[in-house]
Structure formats: structure tokens, C-alpha cells
Amino acid sequence: MYESLTDLLNSFNNDWIPVVKQEFSDFKWTEYCTPLDSEKFFQKPSSIVLFKLYKDNRAGFVRKAGYSLEKISEIRGLIKNNLHD
């Protein structure tokens, strides 16, 4: 799970931060981004690809995170049961 988070963070920093610095006039993390030219930005093939890749990466992380949390709960239950035996 930590590896997935790190991969996602690295991908975001490598792919999105340069775009935000180049294509946006202002932004506040998790609140807003103001594109220099929103129409041009959202029609640009490279922007479209980034949105699609980020969506796919995020969906993959959600599946891995869900599976990881289930396994952690299972392991905690086994540990708890073994401590009481």
C-alpha cells in the first residue's frame, strides 16, 4: 500500500506539477486551479492524456488500497485471536 501511494505521489509530482506551473496562473492545492486559457488547455491532447492516465492510476490505487485494508483487518483479527489463545 505504501508503495502504491509513493508511486501515485511520484507520478503526480512528475506529470502534473510541471503542467500546473506552466499552464495555470494560480492554484491552491485541493481547492482551485485557474488555467491561463481553459479552452486551449482542455482541448490539448497532452492534457487529455494526463487526465486519462491519472484517472486510470487512481482507479488502480483504489483497488489495491481496498484489498490491502481487507488483508490488514484479516491479519489484525488473526493476531488478536492468537493473543487470546
Side-chain angles (χ1 to χ4, degrees):
M1 190 155 146
Y2 292 116
E3 186 176 331
S4 292
L5 278 172
T6 302
D7 289 348
L8 193 59
L9 176 63
N10 289 338
S11 173
F12 185 82
N13 285 334
N14 292 334
D15 298 334
W16 279 103
I17 296 301
V19 171
V20 169
K21 288 180 178 180
Q22 182 180 359
E23 300 282 346
F24 291 78
S25 61
D26 191 22
F27 69 96
K28 186 171 183 182
W29 180 246
T30 72
E31 291 189 28
Y32 66 87
C33 288
T34 307
L36 296 169
D37 183 345
S38 58
E39 186 175 344
K40 182 179 172 185
F41 176 74
F42 288 109
Q43 290 178 354
K44 222 170 151 180
S46 61
S47 299
I48 294 167
V49 167
L50 273 177
F51 281 111
K52 287 181 179 180
L53 285 174
Y54 188 69
K55 179 182 174 189
D56 291 346
N57 283 343
R58 187 170 176 222
F61 170 74
V62 169
R63 285 190 298 274
K64 285 183 183 180
Y67 176 76
S68 297
L69 291 172
E70 287 174 17
K71 286 296 174 187
I72 289 169
S73 293
E74 181 182 328
I75 291 167
R76 284 183 176 164
L78 291 170
I79 291 170
K80 185 177 178 180
N81 289 339
N82 283 328
L83 290 176
H84 294 291
D85 289 343

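Partners of Lys28 by salt bridge (Lys or Arg N to Asp or Glu O under 4.0 Å), not counting sequence neighbours, listed by chain and number: Glu31. The ring pair (Phe, Tyr, Trp, His ring centres under 6.0 Å) search around Phe27 returns none, not counting sequence neighbours.
Residues Val20 and Leu36 are members of separate hydrophobic clusters, defined by side-chain heavy-atom contacts under 4.5 angstrom among Ile, Leu, Val, Met, Phe, Trp and Tyr. Two different hydrophobic clusters hold Ile17 and Tyr32 under the rule that ILVMFWY side chains link at heavy-atom gaps under 4.5 Å.
The minimum heavy-atom distance linking Pro18 with Asn13 is given by the pair CD-O, 3.4 Å. Scanning both residues, Pro35 and Cys33, for their nearest heavy atoms gives CD-O, 3.5 Å. Heavy-atom minimum distance, Val19 versus Phe24: O-CD1, 3.8 Å.
Panel note: side chain Ser47, backbone Phe42; no donor-acceptor pair is recorded below 3.5 Å.
Between the CD atom in Glu70 and the CD1 atom in Ile75 there is a gap of 12.0 Å [rounded to 0.5 Å]. One distance of note links CD of Gln43 with CD1 of Ile48; it measures 7.5 Å at 0.5 Å rounding.
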